[in-house]
Amino acid sequence: MTNSEQIPSTDAAVPDVPAEVAEVAEVAEVAGTASTAEVAGPCDPVSPADSDGTADRAGYGADRTGTAIVFPGMGPSGFTEVGKFLLLDPYARKRLAEADEALGYSVFDRFRTSEDDYSVYSQIAFLVNSMGMADRAVDTLGISPTVCTGPSFGQKAAAAFVGSLPFADVVRLTAELARCEEEYFTGAYEDVVTHSFVRTPQERLDEILAGFDDRGVWYDISGRLDAGFHMLSVREKELDGLKASISAAGGYSMYSMRPPVHAAAFSDLRRKAEEEVFGAYELADPTLPVITDQDGTVVRDAAGMRRMMLDTFDRPIQWPSVVESLKGLGVGTVCVTGPDNLFHRLDLTKDSFEVVTVGLPKKRSRERERQRARRAA
């Protein structure tokens, strides 16, 4: 995900679900999933043994002993949620200092004054936290991954983790790509959003898309995350009709993002990023196999890494393909490192692997901290 504005759904077809959904976490919860692992923070570490993974064990055998490290796509990343973590967690703090040096300014100070959950500073803060949590997983939990993947924004942290780019270069790349995308979407596809929705079987989605085709209406598939969980890019004037069709199909509309993401129509953005940004960076072969989020291809060289990072602009996410490739490489455990509210919660992920998360402190831990602060006052 990139610098985006979320447009909450007003779909009221499912009365048991809040009509307005702003957090990516609720996407997974409404889809019928729940977290199967604890979330680690600076004072709240978790080990694989702490993970409530009993339900995750169905569907894979003892022959799949490998571990994958997964860097999640970016959800809303506002200062209130993650600012304290950046200062208190020693692993995040170390990466933050590296990011400051790479950019020549205080990321924390600019992040603190940013009002956009997907600003360039929010993106860098998300990257910093993801890398810090990966450092914690390796250093304190003994995680020894055999393969790596990073859907959507997670590609950037993955590139640093496997050594295809130094972390400082990934920080600069992230900042430059954020500005590149902002320039592109100022004047191009300003009326397009990417809409995410769940509980919609493929055959019903096919019917919806056939209706678009019959009317000559443009759309692009932007992703498939799980059974019935889709991302579709459409012009905003078609959004209400799309939501109505999703409801009629028994599905539920979650949220829309502007600017849109991962659509074939954005080939010019891909070229712009390649010419204006990627040309300044020389990627190296990854130290671990990397699974692309577009089709599950196993990448083992620098050319494949570069292609994957460019494909993110104009090719949709296919998380089921990633899962199949991970299983094919003998992965039985996935360690999701970063402020993830989505990928570790998906049924497909939980049903296929033992899931361990290393992320922001749990909400109950943050509440205990607030209570202690109030008592101290």
Side-chain angles (χ1 to χ4, degrees), residues 1-6 23-25 27-28 69-78 81-82 92 95 99 107 111 114 116-134 148-162 164-165 167 169-182 184-185 194 196 222-223 225 231 233 255 257-263 266 269-270 273 277-278 281 290-294 299 305-306 308-319 322 336-346 357-360:
M1 295 182 183
T2 56
N3 183 19
S4 302
E5 169 191 356
Q6 288 194 10
E23 294 292 337
V24 177
V27 174
I69 189 162
V70 179
F71 291 97
M74 183 178 174
S77 187
E81 184 72 10
V82 302
R95 290 292 186 175
V107 173
F111 181 37
S114 174
D116 182 356
D117 281 349
Y118 292 93
S119 70
V120 58
Y121 313 116
S122 299
Q123 291 183 44
I124 295 168
F126 190 93
L127 171 67
V128 163
N129 280 334
S130 294
M131 288 301 298
M133 292 167 193
C148 178
T149 191
S152 192
F153 187 88
Q155 290 180 358
K156 298 178 176 67
F161 186 82
V162 301
S164 285
L165 281 172
F167 178 66
D169 279 356
V170 174
V171 169
R172 286 187 284 265
L173 178 77
T174 299
E176 291 167 17
L177 286 176
R179 295 187 181 95
C180 177
E181 292 181 52
E182 184 176 3
Y184 175 78
F185 285 113
T194 298
S196 296
S222 287
L225 302 183
M231 299 170 66
S233 291
Y255 62 91
M257 294 194 306
R258 183 194 292 114
V261 291
H262 312 310
F266 307 150
L269 172 58
R270 177 197 178 109
V277 179
F278 277 88
Y281 296 92
V290 176
I291 308 299
T292 69
D293 63 340
Q294 295 92 19
V299 172
M305 290 295 295
R306 182 184 181 90
M308 177 190 73
M309 297 181 76
L310 288 169
D311 281 348
T312 195
F313 296 108
D314 61 355
R315 293 188 63 189
I317 294 176
Q318 296 289 345
W319 183 245
V322 177
V336 184
T337 60
D340 178 50
N341 288 321
L342 177 58
F343 287 92
H344 78 278
R345 296 173 179 255
L346 295 172
T357 61
V358 182
L360 293 175

*Specify the closest pair of heavy atoms between Cys148 and Ala158, including all atoms of both residues, with the distance to one decimal.*
SG-CB, 3.7 Å

*Locate the shortest heavy-atom distance separating Ser119 from Ser114; write the atom from each residue and the value.*
OG-OG, 2.9 Å

*Look up atom CD in Glu182 and atom CG in Leu177, then write down how far apart they are to the nearest 0.5 Å.*
13.0 Å

*asked:* I need the minimum non-hydrogen distance between Met305 and Ala159, along with the two atoms involved.
replied: CE-CA, 3.9 Å

*CA sep, side-chain torsions, deciding dist, call: Val299, Thr292, side chain to side chain contact (heavy atoms under 4.5 Å, CB included)*: CA-CA 7 Å; Val299 172; Thr292 69; 3.4 Å; yes

*May I ask you to decide if Val261's main-chain N or O and Ser222's side chain share a donor-acceptor pair within less than 3.5 Å?*
yes

*Quick one: pull up CE in Met231 and CH2 in Trp319 and give me the separation to the nearest 0.5 Å.*
13.5 Å

*In sequence, state the C-alpha distance, the side-chain angles, and the governing distance for Leu127 and Val170, and then conclude on side chain to side chain contact (heavy atoms under 4.5 Å, CB included).*
CA-CA 9 Å; Leu127 171 67; Val170 174; 3.8 Å; yes

*For the side chain of His262 and the backbone of Thr312, is there at least one donor-acceptor N/O pair under 3.5 Å apart?*
yes

*asked:* So, taking the atom named OH in Tyr118 and the one named CD in Glu181, what distance separates them when rounded to the nearest 0.5 Å?
replied: 13.0 Å

*Could you give me the CA-CA distance, side-chain angles and deciding distance for Phe126 and Asn129, then say whether side chain to side chain contact (heavy atoms under 4.5 Å, CB included) is met?*
CA-CA 5 Å; Phe126 190 93; Asn129 280 334; 5.9 Å; no

*asked:* Within the 4.5 Å heavy-atom criterion, are Val70 and Thr337 side-chain neighbours or not?
replied: no

*Can you name the side chain to side chain donor-acceptor pair (under 3.5 Å) partners of Arg306, sequence neighbours left out?*
none

*Phe167 vs Val128, side chain to side chain contact (heavy atoms under 4.5 Å, CB included): CA-CA, chis, key distance, verdict*: CA-CA 9 Å; Phe167 178 66; Val128 163; 4.2 Å; yes

*Value rounded to 0.5 Å, distance of CZ in Phe185 from SG in Cys180*: 9.5 Å

*In Å and rounded to the nearest 0.5 Å, what is the OH to OG distance from Tyr255 to Ser196?*
4.0 Å

*Taking the side chain as C-beta and beyond, is there a heavy-atom pair between Leu173 and Asp169 under 4.5 Å?*
no

*Mind checking what makes side chain to side chain donor-acceptor pair (under 3.5 Å) contact with Tyr184, not counting sequence neighbours?*
none

*Does Gln123 reach the main-chain N or O of Ala175 with its side chain, forming a donor-acceptor pair under 3.5 Å?*
no

*Asp311: what forms a side chain to side chain donor-acceptor pair (under 3.5 Å) with it, not counting sequence neighbours?*
Arg270, Arg315

*Does the Asp293 side chain pair with the main chain of Ser152, one donor and one acceptor, at a distance under 3.5 Å?*
yes

_Note, Ile124 side chain near Phe111 side chain (heavy atom, < 4.5 Å)_ = no

*Any side-chain heavy-atom pair of Gln294 and Gln318 under 4.5 Å*: no

*Would you say Thr194's side chain and Ser233's backbone share a donor-acceptor pair under 3.5 angstrom?*
no

*Work out which heavy atom in Leu310 is nearest to a heavy atom in Asp314; give both atom names and the distance.*
O-OD1, 4.0 Å

_Spacing of Thr174 atom OG1 and Met74 atom CE [to the nearest 0.5 Å]_ = 10.0 Å

*Leu342 side chain near Leu225 side chain, heavy-atom distance below 4.5 Å*: yes

*Quickly, which of Met133, Gln155, Met131, Lys156 forms a side-chain contact (heavy atoms from CB on, under 4.5 Å) with Phe71? Name it, please.*
Met131

